[in-house]
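The block underneath contains the structure these notes are about, expressed in structure tokens.
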Amino acid sequence: MSLKPISLENLKHRELQTVYEISRVILQSVDTASALKEIIRLARPVFIFDNVVLYQYRDNQSLAPTYARAVGRGRSIEADMAWGEAFANEVLEKRDVIIRRENLTHGTVDRGTARLNTRFFLGLPLNIGYEALGALVFIRFGGPVYLPEQVNFAQLIAEHVEHLLEKQNLVNRIASLEADRKLDRLQQEFVATISHDLRSPLGFIKGYATTLLREDITWDNETRREFLTIINEEADRLSNLIDNLLDSSRLQSGTLQMSFRPERLDTLLKELAQRAQMGEYNVKIRLNVDKSEVKIWLDTTRMIQVFDNLISNAAKYAPGSPVTISLEWKPEIAHITVSDTGPGIPNDRLEDIFKRFYRLAEYQDTAKGTGLGLFICRQIINAHQGVIYADSILGKGSSIHILLPRNWSPDEKDISKEVQV
Ligand code: ADP
């Protein structure tokens with residue numbers, strides 16, 4: 001059917017008021033579904049219909065119902081959605097409004113059923129410029145027929161729905177562009193950071209191994225041992241780095257395994273300090289631990305990973321400084337502090353250092369690293385329902401604080417679980 005252009009002139013006051021309110025809904029809309037719901041709610045008192053279905057193109061290929069409401073005579077909308085799809089396709093092919101009456105009556109039926117079986121469809125195409133978006137289909141059971149001024153009003157609603165969908169399309173496009181750009185940037189940063197860090201230990205391993213394999217030189221035992229020690233240390237560094245990378249990507253995808261058991265924190269810290277003293281990090285550890293038999297729920301392997309990282313950071317960024325590890329039991333929490341007397345961290349960077357890949361520019365050349373260590377520490381402490389943060393006085397030193405709840409226990413299902421971040 002060919003219709004007169006949509007006009008506001010013939011609208012009654014109440015209809016005009018409704019169109020105005022619908023316009024406001026579109027302006028203020030943040031999500032399409034609730035805006036559509038509101039539009040339908042506003043339109044219904046001035047425009048009679050029982051069901052309404054919005055069909056949209058999925059992946060530019062086929063039409064699918066994306067929104068449907070049954071507001072009228074107690075009918076399920078599912079059956080009409082399937083039929084409506086063919087009707088919506090027809091509307092889009094013609095690119096025009098279609099009105100159709102369907103009579104499903106077979107044999108004798110009572111008056112009520114007959115009424116439900118006579119359906120009046122009104123289909124309106126939805127376009128942005130020349131691009132077809134979908135169709136809006138109204139259904140009335142048992143009439144009344146759609147009068148021209150009602151069709152005009154329905155076209156106004158359809159026009160508003162077009163605006164709403166256009167707005168949503170733009171929002172989606174911007175969000176997906178932003179996500180692509182962010183991912184791109186992250187990947188570039190990642191490759192730049194990682195390739196350098198992987199190459200340098202590999203370079204040493206290759207260099208010293210090649211040197212040792214030279215047949216024209218005989219190395220004395222001491223030199224051979226020295227070269228092998230370097231190869232060994234660099235292989236450890238490489239393996240550490242790869243572990244960190246894997247942890248970090250598992251954290252990202254939510255598949256880092258945690259396994260909790262009740263453990264004594266004081267014993268754990270003592271063992272850690274002993275190991276560190278034995279030369280692994282070449283730092284002097286001062287232990288200041290409140291003894292307590294209290295056990296708290298810990299994943300020991302992950303906790304050791306946290307403290308290893310904090311002690312190795314102190315060794316890297318505060319060389320020569322002793323490291324003090326203290327544990328204080330408070331009524332609700334265990335408060336652990338790992339402090340050094342190194343150059344410190346600027347106040348406005350105290351939070352940044354826990355971000356993925358973040359490294360302070362001033363120490364980038366003096367110490368090797370990836371900026372993943374503290375990020376991973378924070379995820380592990382979070383999984384213990386704890387808190388980790390840093391404080392520092394420039395030129396005097398830095399402290400990393402860890403607060404662990406004393407009375408927390410993981411749910412049965414979480415005793416061994418994958419961490420979600
Ligand atoms: P990485 O050591 O691999 O760079 P981390 O995530 O462990 O990564 O640390 C992030 C950054 O925080 C480090 O690059 C460093 O700039 C800063 N940082 C960490 N610990 C200290 C510390 N004890 N003193 C000074 N700066 C530190």
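We count residues from 1, following the sequence as given. Both ligands and their constituent atoms are indexed starting at 1 by order of listing.
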Considering only non-hydrogen protein atoms, determine which one is nearest to [atom] and report residue, atom name and distance to 0.1 Å.
atom                    : value
atom 5 (P) of ligand 1  : Leu374 N, 3.6 Å
atom 4 (O) of ligand 1  : Arg359 NE, 2.6 Å
atom 7 (O) of ligand 1  : Asn313 ND2, 2.8 Å
atom 12 (O) of ligand 1 : Ile353 CG2, 3.3 Å
atom 10 (C) of ligand 1 : Tyr358 O, 3.3 Å
atom 16 (O) of ligand 1 : Leu360 N, 3.0 Å
atom 3 (O) of ligand 1  : Thr370 N, 2.7 Å
atom 21 (C) of ligand 1 : Tyr317 CD1, 3.7 Å

Numbering as shown, the atoms of ligand 1 that approach Asn309 to under 4.0 Å (heavy-atom distance):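 Near Asn309, the atoms of ligand 1 are 7 (O).
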
As an exercise, identify every atom of ligand 1 less than 4.0 angstrom from a heavy atom of Tyr363. 16 (O), 25 (C), 26 (N)

Scan side-chain atoms only and decide if Thr223 and Asp220 contain a donor-acceptor pair under the 3.5 Å cut-off.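 Present: a donor and an acceptor within the cut-off.
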
Have Arg14 and Gln17 got a donor and an acceptor in their side chains that come within less than 3.5 Å? no

Is the charged tip of [X] near the ring of [Y]: under 6.0 Å from the six-membered ring centre and within 45° of its axis?
X      : Y      : result
Arg214 : Tyr208 : no
Arg356 : Phe375 : yes
Arg100 : Phe121 : no

Check whether any heavy atom of Ser398 sits under 4.0 Å from an atom of ligand 1.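 Ser398: in contact with ligand 1 (<4.0 Å).
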
Heavy-atom contact under 4.0 Å between Arg349 and ligand 1? no

Between Glu351 and Arg378, does any side-chain N to carboxylate O distance fall below 4.0 Å? yes

With a cut-off of 6.0 Å (strictly less than), are more than 12 heavy atoms of other residues, nucleotides or ligands near CZ of Phe227?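 Atom CZ in Phe227 is packed in, count exceeds 12.
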
More than 12 heavy atoms of other groups within 6.0 Å of Arg95 CZ: yes

Sub-3.5 Å N/O-N/O distance, Gly371 and ligand 1: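 Yes; the residue has a nitrogen or oxygen that sits under 3.5 Å from a nitrogen or oxygen of the ligand.
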
Please determine if Gly373 has a nitrogen or oxygen closer than 3.5 Å to a nitrogen or oxygen of ligand 1.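 In this structure, Gly373 places an N or O atom under 3.5 Å from an N or O of ligand 1.
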
Any side-chain heavy-atom pair of Lys284 and Val323 under 4.5 Å: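 Answer no - side chains too far apart.
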
If you apply the rule ring pair (Phe, Tyr, Trp, His ring centres under 6.0 Å), what do you find for Phe120 with Phe49, and how did you get there? CA-CA 9 Å; Phe120 294 78; Phe49 58 90; over 10 Å; no

Determine, using ring centers only, whether Phe87 and Tyr55 are less than 6.0 Å apart. no

Determine whether the side chain, the backbone, both or neither of [X] has a heavy atom under 4.0 Å from any heavy atom of ligand 1.
X      : value
Asp340 : side chain
Leu310 : neither
Lys316 : side chain

